[in-house]
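Worksheet for the structure shown next.
Bear in mind that the values here come from a model prediction, so they are computed numbers and not experimental data. Within every chain, numbering begins at 1; the chains are lettered A, B, ... in the order of the sequence lines, protein sequences first and strands thereafter.
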Amino acid sequence: MGETALDDLSSALLDWYDSHARVMPWRVPPADRKAGVAPDPYAIWLSEVMLQQTTVAAVRDYHRKFTTLWPNVRDLAAADDAAVMAAWAGLGYYARARNLLKCARVVVADHGGAFPRDHATLLTLPGIGPYTAAAIAAIAFDAPETVVDGNVERVMARMFDIHTPLPAAKPDLTARARALTPQQRPGDYAQGVMDLGATICTPRNPACGICPWRAGCAARIAGSAADLPRKTPKKKTPTRHGIAYVARRADGAMLLETRPESGLLGGMLGWPCSDWADDPAPAPPLAADWTALDAQARHTFTHFHLHLRIMLAHVPLDAQPERGHFIARPDFSPAALPTAMRKVYDLVADLVQND
DNA sequence: AAACCGGGGCA
DNA sequence: TGCCCAGGTTT
């Protein structure tokens, strides 16, 4: 395919984006962008980190919460770690929140509070990999970088009818995407391809009939669009079991522990637990008269299902736990818990409210 | 290169 | 249930 054909494709995509761009709070619409309105790099960076493996619908409220609590990178850099982790609770992949804070502090300490504009420097920042570096450079600074996410991989696999399964096909798909990236409006182009993948070239039931690229799409012509991209099969998820211990002190305080920085739910608040295994050994955080609940909390992580049995105890004011710390009733917010731990609270909430 | 790391929405 | 998602870090 010659340069002219590729230019025609990128032009068609930009025309489509001008009239079909999705509305997002952090995004500058194409008309405003053409009028010279620049995006806020802080808002773009925050959105891109939140959007890692996460849908736009899930990100919206969290982005608004963060920009309200911390309107700029200096405010975020000065925030308490626990406040940021609590605000992130429920969004998942908690290493992102820890790296978010690290990154904000590096930007303030080493870059004068201004985000770097080039891909290579962005790549040195915590939590920013090849995708996010390209996305920030393109979207925030309109640099001619090629942004390749799951949407773009799917669009390219279909445009060029590539049957090689992912992840092996990634280098080829990236090269195809790079060849299509225009020098004019690369930021809008990057967002346009992702919008196309999110709204037209969807994983299931792609709307080929209204696609701006339908005439040049090899998979649509071959009838294989809905079957692409192919992916190497993944093994199915095992189930692990655990025991969660909920201790309520006589004054209403609840016993929780801050999980280790690294690992599952790293740095988040949770109930003291046994290990999570096929047949977990009991590990109560203090000696007490523990009562087993009938209900179990069930939660699915990326790579395993978790079934948590729940033990409940009412303990005296002078109780001395071996692990964790008591959090006073007014200071305890279930919303600050990751979802697996909040499900445990939901099951015991009625039992610890009024006694 | 492969493993690890959440959560919700969808068919 | 299984698959999908605006991926990065660690091993």
Taking any heavy-atom pair under 4.0 Å as a contact, classify [X]: base, sugar-phosphate, or nothing.
X        : result
A:Gly197 : nothing
A:Arg154 : sugar-phosphate
A:Thr54  : base
A:Ala340 : sugar-phosphate
A:Met341 : nothing

Value for CZ (A:Arg323) from CH2 (A:Trp271), rounded to nearest 0.5 Å, stands at 13.5 Å

Using ring-ring contact (aromatic ring centres under 6.0 Å, His included) as the criterion, list what pairs up with [X], not counting sequence neighbours.
X        : result
A:Tyr345 : A:Phe332
A:Tyr42  : A:Trp45
A:Tyr245 : A:Trp290

Dump the pairs, protein N or O against N or O of nucleotides 8-10 of chain C, anything under 3.5 Å, distances to one decimal.
| unit_1 | atom_1 | unit_2 | atom_2 | d |
| --- | --- | --- | --- | --- |
| C:dG8 | OP1 | A:Gly129 | N | 2.9 |
| C:dG8 | OP1 | A:Gly129 | O | 3.3 |
| C:dG8 | OP1 | A:Thr132 | N | 2.8 |
| C:dG8 | OP1 | A:Thr132 | OG1 | 2.7 |
| C:dG8 | OP2 | A:Tyr131 | N | 3.2 |
| C:dT9 | OP1 | A:Gly127 | N | 2.7 |

[X] has an atom [atom1]; how far is it from atom [atom2] of [N], in whole Å?
X        : N     : atom1 : atom2 : result
A:Asn205 : C:dC4 : CG    : C1'   : 13 Å
A:Arg27  : C:dA6 : CZ    : C1'   : 10 Å
A:Leu122 : C:dA6 : CG    : C1'   : 16 Å
A:Arg22  : C:dA6 : CZ    : C1'   : 10 Å
A:Gln53  : C:dC3 : CD    : P     : 15 Å
A:Leu173 : C:dG7 : CG    : P     : 15 Å

Within residues 257-278 of chain A, the residues having a heavy atom closer than 4.0 Å to DNA chain B are A:Gly263, A:Leu264, A:Leu265

Residues of residues 294-308 of chain A with a heavy atom under 4.0 Å from any atom of DNA chain B, listed by number, are A:His299, A:Phe301, A:Thr302, A:His303

Does either side chain, that of [X] or that of [Y], offer a donor lying less than 3.5 Å from an acceptor on the other one?
X        : Y        : result
A:Asp172 : A:Thr164 : no
A:Asp118 : A:Thr121 : yes
A:Arg96  : A:Gln52  : no

When every non-hydrogen atom of A:Ala97 is compared with those of A:Met85, the smallest separation belongs to CB-SD, 3.7 Å

Q: For residues A:Phe301 and A:His303, establish whether the separation of their ring centroids is below 6.0 Å.
A: no

Could you tabulate the donor-acceptor pairs under 3.5 Å formed by side-chain atoms of residues 198-211 of chain A, not counting sequence neighbours?
| unit_1 | atom_1 | unit_2 | atom_2 | d |
| --- | --- | --- | --- | --- |
| A:Thr199 | OG1 | A:Asp195 | O | 2.8 |
| A:Thr202 | OG1 | A:Arg204 | O | 2.8 |
| A:Thr202 | OG1 | A:Asn205 | O | 3.4 |

Contacted region of DNA chain B by chain A, from 5' end to 3' end of the hits, cut-off under 4.0 Å to heavy atoms, spans B:dA3 to B:dA11

On DNA chain B, more 5' by nearest nucleotide between A:Pro167 and A:Tyr93 is A:Pro167

Check: Between B:dG6 and C:dT10, how far is it from one P atom to the other, in whole Å?
Finding: 14 Å

Checklist entry - When you compare C:dA6 with B:dA11, how far apart are their C1' atoms, in angstrom units rounded to a whole number? => result 23 Å

Sequence neighbours excluded, the answer for side-chain hydrogen bond (donor to acceptor under 3.5 Å, both in side chains) partners of A:Asp81 is A:Arg105

Sorted by chain and residue number, the side-chain hydrogen bond (donor to acceptor under 3.5 Å, both in side chains) partners of A:Asp32 (sequence neighbours excluded) come out as none

ring-ring contact (aromatic ring centres under 6.0 Å, His included) pairs touching residues 4-29 of chain A, sequence neighbours excluded, are A:Trp16-A:His20, A:Trp26-A:His63

Kindly list each side-chain donor-acceptor pair under 3.5 angstrom involving residues 237-244 of chain A, sequence neighbours excluded, with atom names and distances?
| unit_1 | atom_1 | unit_2 | atom_2 | d |
| --- | --- | --- | --- | --- |
| A:Thr237 | OG1 | A:His305 | NE2 | 2.8 |

